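Comments concern the structure below.
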Amino acid sequence: MKRNGETVRKKALMLSSVASMIDQFNMPNIRLLLELGYDVDVACNFEKGNTCDRRQIDRMRRTLRELGVAGHQWDCPRNIRAVRACCIAYGQLVRLLRSQRYDLIHCHSPIGAALARLAAHRERIPVIYTAHGFHFYRGAPLKNWLLYYPVEAALARWTEVLITVNQEDYRFAKRYLKAKKVCRILGVGIDISQLQKPPKHDVRHRYHIPEDAQVLLSVGELSRRKNHRMVLSALAKLRKENVYYMICGQGALKKELLRQAVQLGVAKRVRVVGFQRDVSALYWNADIFVFPSVQEGMPAALMEAMAVGLPCVVSDIRGNRELIDAQGGVRFSVRKKGQLPEALTKLLENETLRQSCGSYNRRKIRAYDTQVVQAQMRKIYGQMKHKQKNTKQVKVLHILKSGHFAGAEHIALTICKNCREPYQAAYASEKGEIQERLQKDGIAYFPMKKLNLKELNRVIRAYQPDIVHAHDFTASVLCALVKRRYLLISHLHNNPLWIRRWNIRSVCYRAMRHRMDAVLLVSKAIREEAVFLKDRKSRAIVVGNPVNVRYVRQLAQEAVADAPDLLFVGRLTRQKAPEQFIRIVYGLCKKGIPVRALMLGEGELLAPCRALIRKLGLTEIVCMKGFVSNPYPYMRQARLLLMPSAWEGYGLAAAEALAVGTPVLVSPVGGLKEQLLDIPYAWCSSENAFVKKAAKLLTDQKLYEAYRKKILRRACIGDLDTYMQKLQYIYEGCKP
């Protein structure tokens, strides 16, 4: 983009009435905008109205400076009745917009968002508004509808994207608010991996709570909206001297709450601990999370409590309803004061129920992880950026036959998650476990009953792609058969034995080659072995496979119980030779080498593998864990990864194991041999070779360490950024 003849980066403004909203909910969004190529400024009230303490605000400002983000003091009020203050804040904002000339504004909080859209409309700047919970909702006071709804209905017309955080608001906005686009995200997202780590200090000792006491915990601002008073009243009615109540938060009602506790005779069992930077320690020391709010959008505190595995007693309001059902806790009406003591008693007296609710909450909240929300926000920001450039989005449809999650599916998913403007990715395959992965990452999915011409035509008519990226032989041939105006990329991830000779499948692929605009290969081995590629090598491009090393290493830090000596990762198919892996383990046992082996994966050879384990007496030695969504912790803890594959296009598991520091022994086939071309010791051409080399490495620590250093230093791991850049060049060559 050019201004005054000079090329400049686009500029975005993150805007909120208070700094605490930026700190608690929008730092990931700021980093995402920076990653997408924006210069980012922040405007908010750093001085007043914040729900966190001064030190935390100062800490946030230092972080913003380190990121290169400028902070602007904006004296925005939080009270709609402060008309004069609103006028002053509006004037400040207009002057800021004129001086900085932003390309995008992302605003939060009702009053701040209203002023932002008024000023942005005047300056013709597109606005994204995240509504963290409309003040008008089912059961809201009439005055809220009279004050807030008319304003929102009018300003929605000047809103480029209206983001809601719960289902009730989303349905209402879609029906009654005329924003140009209405989206729903799963709250602000929480870092589940951080919350699930036990704390380093004992909160009970710090706040003088007996070890045998039962602790109720509430987290939230000390305000009437958070309704802590109702819990104090319920605590008095319980008449249980071993039940304590902790309130984490700060606000204007602190003295009033303490005074009420004294009046009710429960002051000795109430702890108001103020704002806490590390809230996870409080969750881990609580028995029940109590959330009595009268109004919420999608409460982050409740999501955090669920991630730790707490049973929850919550008010029956919007937001809470989506998160807590009968399996995760108890909901109560804020209008019926007797329901809260009953709900607390039910959970306090039943430890089994508490544990059951906590386990259910921990499973349910996985869908609200930060990564899921960031994938949704990346898509929203990316679409805004495309629109600003006035360029047509190029729609890419990735098509696969299998609905399972394996090597090719993993790569297709990685491409979808990391494709950049102006490309918009969608995924189509037969129904299967891949659907859950795609939903988690916010990728559009078109399920098919079966990959055939009829289903393929249906999906293509529905999505109308500019580019079709087919990721296997069957998908490539069928897409070529139905090809219309889109451009077709055939991406071959594997080198099955049939490609080496002429047969019905290789003839069909060769016949359709002229309809394919590009053929991508994951290794040179496929080009050398495939009979249908030998005549026109120039059109087949070797792209390798990407490994997001930082992401893999991050996921590998998750704690797991199993720490195997030998690891197998892959589909239980003839290609991966899982039965040979079992025989290798048996060979080591015959040599008297004590090993523990772990197999991760599912497939058609599951039953034969189990039968072979029983036959060889390896039931206590070989553990078949099945499919796991995150195999990287097991890779990190294993001493060796064995890949006795009959054929491999690339061998992604080997590259990922090397990325987390685990040595490998592999069959010298296809892409596996190419990855470890300079390290012949890693090649094992027979079961006996696997047994001999694994035995030496497992019994000789010096040899193991020397081999490990050598293989990690010299192995080739595909870089994700380089791969995506190469793929974008290919897309640009195919772009309409």
Side-chain angles (χ1 to χ4, degrees), residues 10-22 25-26 29-30 33 38-49 70-137 140 143-165 169 172-174 176-183 297 380-381 384 387-388:
K10 286 187 174 293
K11 199 165 186 178
L13 176 66
M14 188 68 66
L15 183 144
S16 175
S17 57
V18 289
S20 54
M21 180 163 279
I22 301 293
F25 303 143
N26 284 290
N29 288 337
I30 290 171
L33 284 167
Y38 283 91
D39 289 330
V40 183
D41 285 2
V42 166
C44 59
N45 197 329
F46 291 97
E47 306 298 333
K48 297 179 181 178
H72 302 277
Q73 171 64 21
W74 184 41
D75 300 314
C76 180
R78 298 183 69 185
N79 192 331
I80 196 171
R81 293 189 293 270
V83 179
R84 185 172 181 274
C86 286
C87 292
I88 293 171
Y90 175 76
Q92 286 179 327
L93 188 56
V94 169
R95 289 191 292 272
L96 176 63
L97 299 187
R98 287 179 176 174
S99 65
Q100 298 297 325
R101 300 183 67 181
Y102 295 103
D103 300 287
L104 172 67
I105 296 175
H106 188 174
C107 57
H108 307 259
S109 67
I111 298 173
L115 297 175
R117 284 177 287 179
L118 286 169
H121 179 69
R122 177 172 176 171
E123 300 301 319
R124 297 183 180 179
I125 302 172
V127 176
I128 299 174
Y129 169 39
T130 298
H132 294 270
F134 292 132
H135 283 297
F136 45 92
Y137 53 91
K143 66 176 183 179
N144 284 24
W145 283 93
L146 295 175
L147 283 172
Y148 290 99
Y149 173 67
V151 174
E152 188 58 54
L155 294 178
R157 299 176 184 275
W158 298 344
T159 308
E160 195 73 28
V161 182
L162 173 57
I163 302 174
T164 60
V165 295
D169 286 352
F172 184 91
K174 286 285 283 185
Y176 297 107
L177 302 180
K178 305 303 180 183
K180 293 178 182 175
K181 184 173 184 179
V182 178
C183 301
I380 292 168
Y381 285 146
M384 285 292 292
K387 195 166 185 178
Q388 290 167 353

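Since the model is a prediction, treat every value here as computed from it, not as a measurement.
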* Asked: Between L104 and K10, is any pair of side-chain heavy atoms under 4.5 Å apart?
  -> no
* **Rounded distance (nearest 0.5 Å) linking atom SG of C107 with atom CG of L155** => 9.5 Å
* Asked: At what distance, to the nearest 0.5 angstrom, does CG of L93 lie from CG of D75?
  -> 11.5 Å
Using a 3.5 Å cut-off and no angle test, enumerate the donor-acceptor pairs between side-chain atoms of residues 111-125 and protein atoms at least two apart in sequence or in another chain.
| unit_1 | atom_1 | unit_2 | atom_2 | d |
| --- | --- | --- | --- | --- |
| R117 | NE | A113 | O | 3.2 |
| R117 | NH1 | E152 | OE2 | 2.8 |
| R117 | NH1 | T159 | OG1 | 3.0 |
| R117 | NH2 | E152 | OE1 | 3.0 |
| R117 | NH2 | E152 | OE2 | 3.4 |
| E123 | OE2 | R98 | NE | 3.0 |

* Asked: Which heavy atom of G297 sits nearest a heavy atom of V165, and at what distance?
  -> C-CG2, 3.9 Å
* Would you please name every residue forming a side chain to side chain contact (heavy atoms under 4.5 Å, CB included) with A154, sequence neighbours left out? => none
* **Y38 side, atom OH; M384 side, atom CE - distance, nearest 0.5 Å** => 6.5 Å
* Asked: Which atom pair, heavy atoms only, marks the closest approach of A19 to F46?
  -> CB-CD2, 3.7 Å
* Grab the two heavy atoms, one from R157 and one from K180, that are nearest each other, plus how far apart they are. => O-CE, 4.4 Å
* Structure fact -> Residues at least two apart in sequence or cross-chain that pass side-chain hydrogen bond (donor to acceptor under 3.5 Å, both in side chains) with K181, listed by chain then number, are Q383
* Structure fact -> The side chain to side chain contact (heavy atoms under 4.5 Å, CB included) partners of D41 (sequence neighbours excluded) come to K11, L13, A70, H72, Q100, Y102
* Asked: If you measure from CD1 on I22 to CZ on F25, what distance do you get to the nearest 0.5 Å?
  -> 10.5 Å
Which atom pairs, donor and acceptor, lie under 3.5 Å between side-chain atoms of residues 126-136 and protein residues at least two apart or in another chain?
| unit_1 | atom_1 | unit_2 | atom_2 | d |
| --- | --- | --- | --- | --- |
| T130 | OG1 | H106 | NE2 | 2.7 |
| H132 | NE2 | H108 | ND1 | 3.0 |
| H135 | ND1 | Q295 | NE2 | 2.8 |

* Structure fact -> R78 meets the salt bridge (charged side-chain N to carboxylate O under 4.0 Å, His left out) criterion, sequence neighbours left out, with E221
* **Ring centre gap for Y176 and W145 strictly below 6.0 Å** => no
* To do: With the side chain counted from C-beta on, respond yes when V42 and C44 share a heavy-atom pair under 4.5 Å apart, and no when they do not.
  => yes
* Only pairs at least two apart or in different chains count here, so list each salt bridge (Lys or Arg N to Asp or Glu O under 4.0 Å) that has a residue in residues 127-137. => none
* Asked: Taking only residues two or more places apart in sequence or in another chain, which ones pass side-chain hydrogen bond (donor to acceptor under 3.5 Å, both in side chains) with S16?
  -> none
* **Residue list, side-chain hydrogen bond (donor to acceptor under 3.5 Å, both in side chains) with S17, at least two apart or on another chain** => S109
* **Distance-minimising heavy-atom pair for N26 and M21** => ND2-O, 3.3 Å
* To do: Could you tell me which residues satisfy side chain to side chain contact (heavy atoms under 4.5 Å, CB included) with K174, sequence neighbours excluded, listed by chain and number?
  => Y170, V182
* **K48 to N45 - nearest heavy-atom pair and separation** => N-OD1, 3.0 Å
* Let me see the working for F172 and Y149 under ring-ring contact (aromatic ring centres under 6.0 Å, His included), right down to the final yes or no. => CA-CA 11 Å; F172 184 91; Y149 173 67; 5.7 Å; yes
